[in-house]
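All heavy atoms count here, side chains included; hydrogens, waters and symmetry mates do not.
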Amino acid sequence: MLSNFKFPYFSRNIAEFWRRWHISLSSWFRDYVYIPLGGSKFGKRKTFRNVLIIFIVSGFWHGASWNFIVWGFIHACGFLFLQMITKGEKQITEVVAENRSLPNLRELRQMTLTFLFVTFAWIFFRASSVQIAFDYIYKIGQSLVLAPNEILNAPGGKIALIYILPLLLGDWHFRRDERNLKMRAVLAYILFFIILDFGLGEEKSFIYFAF
């Protein structure tokens with residue numbers, strides 16, 4: 001069985017993120033959309049066009065709504081910007097800090113920037129409309145400037161951090177092997193208590209019901 005997610009949030013750039021995120025779907029778009037369009041064989045302009053198309057199509061695949069199109073466009077911009085600044089250099093493929101316990105400062109900066117970029121794009125993916133996404137971004141910016149401690153004071157804010165830390169440490173420790181049984185047991189235990197704390201008493205629909 002092929003792996004479908006390989007710790008994508010430890011990626012050091014957006015290209016690496018898409019090699020680790022939803023691998024089966026990304027591979028399908030590469031093999032049946034990007035390559036038939038010509039891939040990167042016919043110059044930079046057509047390569048940029050093909051990258052833009054594949055991400056827009058990916059957004060449209062998730063839902064016939066402008067917020068998904070914007071989400072795909074944001075990722076396309078990030079991917080194209082990376083291609084321009086790397087100038088065809090070989091992209092990162094190995095596990096981050098593979099032979100070390102901790103990342104170096106450069107890797108930490110790269111992972112942080114990639115995580116912030118991907119998380120920003122998720123706002124458009126999750127919002128029900130583009131306008132709501134912009135409103136949400138505005139409120140985040142307003143809170144960071146006027147009341148930076150508001151997030152921790154919000155309901156569930158501090159307890160969320162308590163759960164996030166062990167999940168993050170567990171992922172980092174087992175990042176070399178996403179199928180590690182110990183990792184699955186630890187994460188399942190933590191997730192069980194997260195569900196108890198946040199999932200009871202409120203009826204929610206499965207996110208992919210909208211797609």
I need the minimum non-hydrogen distance between [X] and [Y], along with the two atoms involved.
X	Y	answer
Ala15	Leu82	CB-CD2, 3.5 Å
Thr47	Gly43	OG1-O, 2.7 Å
Arg175	Val95	CG-CG1, 3.9 Å
Ser65	Ser128	OG-O, 4.3 Å

Cluster question for you: counting only ILVMFWY and a side-chain heavy-atom cut-off of under 4.5 Å, with indirect links fine, are [X] and [Y] together?
X	Y	result
Phe117	Met84	yes
Trp18	Ile85	yes
Ile23	Val33	no
Ile140	Phe134	yes

Under a 4.5 Å cut-off applied to non-hydrogen side-chain atoms, are [X] and [Y] in contact?
X	Y	answer
Met111	Ser11	no
Phe60	Ile69	yes
Asn13	Gln110	no
Ser40	Tyr34	yes
His75	Val118	yes
Leu105	Arg109	no
Glu107	Arg100	yes

[atom1]/[X] to [atom2]/[Y] distance, rounded to the nearest 0.5 angstrom?
X	Y	atom1	atom2	answer
Ile14	Ile74	CD1	CD1	10.5 Å
Ile137	Ile123	CD1	CD1	4.5 Å
Gln83	Phe81	CD	CZ	12.0 Å
Trp21	Ser26	CH2	OG	9.5 Å
Lys46	Ile53	NZ	CD1	11.0 Å

For atom CH2 of Trp66, decide whether the heavy atoms of other residues, nucleotides or ligands shown that lie under 6.0 angstrom number more than 12.
no
For Phe29, I'd like to know if atom CZ has over 12 heavy atoms of other residues, nucleotides or ligands within 6.0 Å.
yes
Relative to each other, are the rings of [X] and [Y] parallel, tilted or perpendicular (30° and 60° limits)?
X	Y	result
Phe7	Phe10	parallel
His62	Phe68	parallel
Trp122	Phe17	perpendicular

Do the side chain of [X] and the main chain of [Y] share a donor and acceptor less than 3.5 angstrom apart?
X	Y	answer
Ser58	Gly72	no
Trp61	Ile56	no
Arg20	Tyr9	no
Asn4	Ser24	yes
Arg12	Leu108	no
Asn67	Val130	no

Is the Phe125 to Trp71 ring centre distance short of 6.0 Å?
yes
Are Glu16 and Lys6 ion-paired here, with the side-chain N under 4.0 Å from a carboxylate O?
no
Could you walk me through whether Phe79 and Phe55 pass the ring pair (Phe, Tyr, Trp, His ring centres under 6.0 Å) test, one step at a time?
CA-CA 9 Å; Phe79 198 94; Phe55 278 107; 5.6 Å; yes
Using the side-chain contact (heavy atoms from CB on, under 4.5 Å) rule, take Leu52 and Phe73 through it: C-alpha gap first, then chi angles, then the decisive distance, then the call.
CA-CA 7 Å; Leu52 183 61; Phe73 180 75; 3.7 Å; yes
With Arg45, which residues qualify under side-chain contact (heavy atoms from CB on, under 4.5 Å), at least two apart?
none
